[in-house]
Protein chains: 2
Amino acid sequence: MALGTDYAFQDCSLARTLEVVGERWTMLIIRDAFYGVHRFNDFLVHLEIPRAVLTTRLQALVAAGVLTKQPYLRSPVRYSYVLTQAGRELWQPIYGLAQWGERNASNGKVRTIFSHFTCSTRLDRAGNCPACGGPVPPEDITIRPGPGADASLRKDPVSRALARPHRLLTPLQLTDGTAG
Amino acid sequence: MALGTDYAFQDCSLARTLEVVGERWTMLIIRDAFYGVHRFNDFLVHLEIPRAVLTTRLQALVAAGVLTKQPYLRSPVRYSYVLTQAGRELWQPIYGLAQWGERNASNGKVRTIFSHFTCSTRLDRAGNCPACGGPVPPEDITIRPGPGADASLRKDPVSRALARPHRLLTPLQLTDGTAG
DNA sequence: CCCCAAAGTTCGTTCACCGAACCGACACCA
DNA sequence: TGGTGTCGGTTCGGTGAACGAACTTTGGGG
């Protein structure tokens with residue numbers, strides 16, 4: 001059992017969850033999956049994670065039922081890693097952790113703005129739409145950089161694609177520099 | 001920088017949060033703090049965590065402003081670790097992660113039941129009270145073991161104290177076996 | 001004086017993470 | 001046919017965090 005995954009004696013559902021998503025990098029992989037990243041190399045470039053670790057994490061998440069691995073190219077065979085329904089249900093706590101970071105560990109900078117796709121209203125800290133008055137599922141959320149985002153930090157294609165406003169859970173469209 | 005805390009290149013609030021609470025054991029320490037654990041030795045016994053790791057984690061959480069260290073005994077001097085306001089705001093995502101674990105990684109067993117103190121209604125998966133129709137702050141939540149809890153797993157005094165119904169954020173009262 | 005408890009510190013071993021190199025399948029190009 | 005490039009890995013040596021046990025410090029009680 002990996003170092004970060006053994007809380008077996010803890011009769012607690014939080015410990016069960018952390019055995020699945022509590023290791024280093026795992027939540028950032030899931031966050032990227034929500035943002036639309038789905039290819040091995042895109043995770044690799046965007047997270048700057050060691051390849052072997054990414055392989056291990058993706059396998060573990062597939063085994064846990066958080067992600068599924070689907071071929072998106074026959075020849076050469078290439079795989080997509082996409083969130084399952086169980087994986088999508090992690091949106092609320094992940095959003096909550098990110099919002100806590102915005103309030104408590106970001107010097108007041110708003111790095112990312114989440115809006116309700118159908119009405120463009122910004123979500124509140126619980127992930128609800130103040131206009132529509134209810135929780136918003138991730139597929140109905142638009143993400144765009146906020147005023148505190150630092151575009152100069154990352155210039156790789158994945159980061160540039162993620163910096164364009166887009167809906168969660170829609171597969172990322174990579175455009176190289178030549179396309180304008 | 002510790003192994004689990006360096007995501008500096010990630011211009012992302014989730015990464016900022018994980019630098020604070022993303023290391024092994026840290027979220028379980030915060031969970032225990034919500035449940036009323038506040039002494040070094042009680043964390044140690046309940047989590048079965050190496051002493052050096054607990055020392056490191058508590059210091060980091062105090063430095064991050066999640067916990068504060070307060071003397072509760074003058075002689076010999078003994079310290080309480082209690083959640084700050086920023087720490088209490090972690091309740092929603094931690095509750096969300098625990099609920100995800102109940103649904104997806106617990107074989108359908110309900111280990112813990114969270115209720116609204118003022119009306120005894122069970123909270124929904126978002127942490128709201130269905131009867132009162134809104135989010136419930138942790139200090140208004142009652143916790144008690146559910147039918148899936150395995151009382152035989154842990155017999156230490158801290159586990160027994162935590163197994164009694166009580167409100168979150170109230171300091172744990174340890175009763176030894178002799179008190180009946 | 002001896003034993004106990006709380007809250008650490010120290011230390012040797014183990015093991016996960018890290019980065020770099022390597023590998024295999026396939027596409028494209030000349 | 002060979003050279004080059006991409007994608008999705010695997011392998012491997014070095015580093016450093018986690019682990020558990022032993023030790024320390026401060027004070028209480030008999």
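Everything numeric here is computed off the predicted structure, so don't read it as measured data. Residue numbers begin at 1 in each chain, while the letters A, B, ... track the order of the sequences.
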- Message: Is the phosphate of C:dC17 approached by A:Trp25 (side-chain N or O, under 4.0 Å from OP1 or OP2)?
- Response: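 Indeed not, no polar side-chain atom of A:Trp25 lies that close.
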Interatomic distance, [X] [atom1] vs [N] [atom2] [rounded to whole Å]:
X	N	atom1	atom2	result
A:Leu73	D:dG9	CG	P	13 Å
B:Ile49	D:dA18	CD1	C1'	10 Å
B:Phe43	C:dG8	CZ	P	11 Å
B:Glu48	D:dA21	CD	P	11 Å
B:Arg24	D:dG16	CZ	C1'	16 Å
B:Tyr81	C:dA7	OH	C1'	8 Å
B:Asp42	C:dG8	CG	P	13 Å
B:Leu172	C:dA6	CG	C1'	16 Å

Choosing from [options], which nucleotide comes nearest the side chain of [X]?
X	options	result
A:Lys69	C:dG8, D:dG9, D:dC19	D:dG9
B:Gln59	D:dG8, C:dC17, C:dT9	C:dT9
B:Pro76	D:dG27, C:dA6, C:dC18	D:dG27
B:Arg78	D:dA18, C:dA7, D:dG9	C:dA7
B:Arg51	C:dA21, C:dG8, C:dT10	C:dG8
A:Glu23	C:dC17, D:dG20, C:dA6	C:dC17
B:Arg57	D:dA18, C:dC18, C:dA6	D:dA18

- Message: Using a heavy-atom cut-off of 4.0 Å across all strands, would you classify B:Tyr72 as base, sugar-phosphate, or nothing?
- Response: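 The answer is sugar-phosphate, as B:Tyr72 gets under 4.0 Å only of primed atoms, P, OP1 or OP2.
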- For the residue pair B:Phe43 and B:Ala33, what are the closest heavy atoms and their distance?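 Distance-wise, the nearest heavy atoms are CE2-N, 4.0 Å.
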- Flag side-chain contact, heavy atom, 4.5 Å: A:Leu44 against A:Ile49: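 Yes, their side chains come closer than 4.5 Å.
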- Query: Out of curiosity, does B:Phe117 fall in the hydrophobic cluster containing B:Trp91 (side-chain heavy atoms, cut-off under 4.5 Å, transitive links)?
  - Reply: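 Different clusters.
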- Give the cluster check for A:Ile94 versus A:Leu172: same hydrophobic cluster or not, with ILVMFWY residues linked at side-chain heavy-atom distances below 4.5 Å.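 Linked, A:Ile94 and A:Leu172 end up in one cluster.
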- Do the rings of B:Tyr35 and B:His166 sit parallel, tilted or perpendicular, given the 30° and 60° boundaries?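 B:Tyr35 vs B:His166 ring planes: perpendicular.
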- Task: Nearest-nucleotide wise, let me know which of A:Val77 and A:Ala52 is further upstream toward the 5' end of DNA chain D.
- Result: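 Counting from the 5' end, the first nearest nucleotide belongs to A:Val77.
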